[in-house]
Amino acid sequence: MALLLPFVLLCGLADFTRSLTITTADQMIEKAKGETAYLPCKFTLSPEDQGPLDIEWLLSPADNQKVDQVIILYSGDKIYDDYYPDLKGRVHFTSNDLKSGDASINVTNLQLSDIGTYQCKVKKAPGVGNKKIQLTVLVKPSGTKCYVDGSEEIGNDFKLKCEPQEGSLPLRYEWQKLSDSQKMPTAWLAEMTSSVISVKNASTEYSGTYSCTVQNRVGTDQCQLRLAVVPPSNRAATIAGAIIGTLLALVLIGLIIFCCHKKRREEKYEKEVHHDIREDVPPPKSRTSTARSYIGSNHSSLGSMSPSNMEGYSKTQYNQVPSEDFEHAPQSPTLPPTKVAAPNLSRMGAVPVMIPAQSKDGSIV
């Protein structure tokens, strides 16, 4: 009996080694955003594995806040790839015959949300096997911009900067001089692998074309800049020009304000004149105006007479003034008094009239 026990154990071990086995080792894969990731999962079957073949890929997101998600499934000779909306249409089996022992998949157009642990499970009863693959998605450096921060004048301090718009850390930088001797100034050597080079006491020897290369584990990007160190500008002339320009601007603003103020005064004056002259209200009639018109008409005839005839005429004519014009003059409707300035009367065409004085006996004094 003791001799049979090792034989049984050996047989059991042989059966175990002949069961379903995934030959792909656990691994970590790094890919750039937008690329395609190949996730391998190859397996072997044993004669004892007679059950239906089931293949399942699961994703454990990197944030650990979501449960494992089925992203693609093979069961009953059918493929189901619409389980996970974020990867729908972007995950596919690489083999057309999964029974041949290749359950590998491709994940296309990688996004940062695809980062996580992918698990391949293969089952063909009684055999079962699984493997895990860690997928990391990185962003290539891109949109890198090189520029000078400061005034490129002799004796000045300024900085050369190299900044990518995006790129996964860690990033490595490398500066090179492309023109002249193609040798970087000695004072800059300590910062050749930095994103910023600090230039102190600039000289014309620093002038030239420089390039900056940005690199991470999935890609590189490059930019260039032209550095021209020039003599200091005439600051006095610059300041004088600025002052003159400011004074001219102030004068122009003053003229504009003066013109606007003058125009407003003219508009206000026109409105006041229009308000004083009321053409729609006729002047009121009175006994005095009737008498004045009657006397004025007769006064014109008096001027043509001789002094000998003046006495009789004056008595007769002034006695003929109708009394009803004075006593029964038509009453005009009472209107609020309107004061009209003397200049406005002249504009309206009024003519001054002198009324002669008259004594009690009717003679003109």
Side-chain angles (χ1 to χ4, degrees), residues 26-39 60-65 107-118 133-239 242:
D26 293 345
Q27 56 185 294
M28 296 179 63
I29 297 177
E30 286 185 349
K31 286 291 182 179
K33 178 183 176 182
E35 293 183 347
T36 296
Y38 169 69
L39 308 183
S60 301
D63 56 12
N64 295 323
Q65 295 180 358
V107 180
T108 63
N109 190 22
L110 288 173
Q111 303 298 316
L112 296 179
S113 59
D114 299 337
I115 297 175
T117 301
Y118 292 76
I133 298 175
Q134 180 70 39
L135 175 62
T136 302
V137 180
L138 302 176
V139 179
K140 293 180 180 180
S142 63
T144 306
K145 180 181 178 182
C146 294
Y147 63 96
V148 179
D149 184 7
S151 178
E152 306 171 41
E153 296 182 353
I154 296 176
N156 280 1
D157 297 343
F158 52 83
K159 295 180 180 181
L160 308 183
K161 292 189 175 182
C162 178
E163 297 179 352
Q165 289 185 354
E166 60 179 3
S168 297
L169 300 176
L171 294 172
R172 297 188 299 274
Y173 299 86
E174 183 180 358
W175 288 89
Q176 290 182 336
K177 189 174 183 181
L178 305 179
S179 60
D180 301 333
S181 63
Q182 298 185 352
K183 291 183 179 180
M184 295 287 289
T186 305
W188 300 1
L189 295 179
E191 297 178 314
M192 286 182 58
T193 57
S194 172
S195 62
V196 179
I197 293 180
S198 298
V199 180
K200 304 293 185 180
N201 192 20
S203 66
T204 55
E205 297 177 357
Y206 296 166
S207 299
T209 302
Y210 296 85
S211 71
C212 173
T213 302
V214 188
Q215 183 179 5
N216 62 8
R217 294 196 297 267
V218 293
T220 61
D221 195 26
Q222 190 180 72
C223 64
Q224 294 183 1
L225 66 82
R226 173 65 183 173
L227 177 62
V229 181
V230 297
S233 58
N234 190 346
R235 297 184 178 178
T238 303
I239 295 174

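Keep in mind it's a predicted model, so treat the numbers as computed, not measured. FYI, the numbering just counts along the sequence from 1. Values below: every heavy atom of this structure, side chains too, minus hydrogens, waters and symmetry copies.
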Measure from the side-chain N and O atoms of [X] to the backbone N and O of [Y], and report whether any donor-acceptor pair falls under 3.5 Å.
{"X": "D221", "Y": "V214", "answer": "no"}
{"X": "N156", "Y": "G150", "answer": "no"}
{"X": "S207", "Y": "V229", "answer": "yes"}
{"X": "N216", "Y": "S168", "answer": "yes"}
{"X": "Q224", "Y": "Y210", "answer": "no"}

Can you measure from [atom1] ([X]) to [atom2] ([Y]) and round to the nearest 0.5 angstrom?
{"X": "L171", "Y": "T193", "atom1": "CG", "atom2": "OG1", "answer": "12.5 Å"}
{"X": "C146", "Y": "I197", "atom1": "SG", "atom2": "CD1", "answer": "9.5 Å"}
{"X": "E163", "Y": "K145", "atom1": "CD", "atom2": "NZ", "answer": "8.0 Å"}
{"X": "T144", "Y": "Q215", "atom1": "OG1", "atom2": "CD", "answer": "11.5 Å"}
{"X": "L178", "Y": "R226", "atom1": "CG", "atom2": "CZ", "answer": "10.5 Å"}
{"X": "L110", "Y": "L135", "atom1": "CG", "atom2": "CG", "answer": "6.0 Å"}

Review point. C223-C212 sulfur separation below 2.5 Å?
Key: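 C223 does not pair with C212 as a disulfide (SG atoms not under 2.5 Å apart), so no.
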For residues [X] and [Y], report the shortest heavy-atom separation together with the two atoms involved.
{"X": "D114", "Y": "N109", "answer": "OD2-O, 4.2 Å"}
{"X": "A228", "Y": "E152", "answer": "N-OE1, 3.1 Å"}
{"X": "K200", "Y": "D157", "answer": "CA-OD1, 3.2 Å"}
{"X": "S211", "Y": "Q222", "answer": "OG-NE2, 4.2 Å"}
{"X": "G155", "Y": "N201", "answer": "CA-OD1, 3.3 Å"}
{"X": "G208", "Y": "K177", "answer": "CA-CE, 4.4 Å"}

Residue pair [X] / [Y], side-chain heavy-atom distance below 4.5 Å:
{"X": "C162", "Y": "V196", "answer": "no"}
{"X": "V137", "Y": "K31", "answer": "no"}
{"X": "Q176", "Y": "M184", "answer": "no"}
{"X": "V107", "Y": "Y38", "answer": "no"}
{"X": "V139", "Y": "L112", "answer": "yes"}

Point to revise | Where at least one partner belongs to residues 137-178, residue pairs that pass ring-ring contact (aromatic ring centres under 6.0 Å, His included), sequence neighbours excluded | key: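 Qualifying pairs: none.
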Practice item. Kindly determine whether I133 and D26 satisfy side chain to side chain contact (heavy atoms under 4.5 Å, CB included), including the steps that lead there. Key: CA-CA 6 Å; I133 298 175; D26 293 345; over 6 Å; no
Exercise for review: Have a look at L227 and tell me which of T209, V148, V199 forms a side-chain contact (heavy atoms from CB on, under 4.5 Å) with it.
Suggested key: V148
Review point. Given the rule in the salt bridge (charged side-chain N to carboxylate O under 4.0 Å, His left out) test, do K33 and E166 qualify, once you have shown the distances and angles that lead to the verdict?
Key: CA-CA 11 Å; K33 178 183 176 182; E166 60 179 3; 5.1 Å; no
Point to revise | Polar contact flag, side-chain donor to acceptor under 3.5 angstrom, Q134-T117 | key: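 Judged by distance alone, the side chains do pair up.
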Point to revise | Polar side chain donor-acceptor pair, T136 to E30, under 3.5 angstrom | key: no
Point to revise | Lys/Arg N to Asp/Glu carboxylate O, E191 vs K159, below 4.0 Å | key: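 No, this pair does not count.
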Practice item. Might you work through the side-chain hydrogen bond (donor to acceptor under 3.5 Å, both in side chains) test for E174 and T213, ending with a clear yes or no? Key: CA-CA 5 Å; E174 183 180 358; T213 302; 5.5 Å; no
Review point. So which pairs with a foot in residues 176-207 pass disulfide bond (SG atoms under 2.5 Å apart), sequence neighbours left out?
Key: none
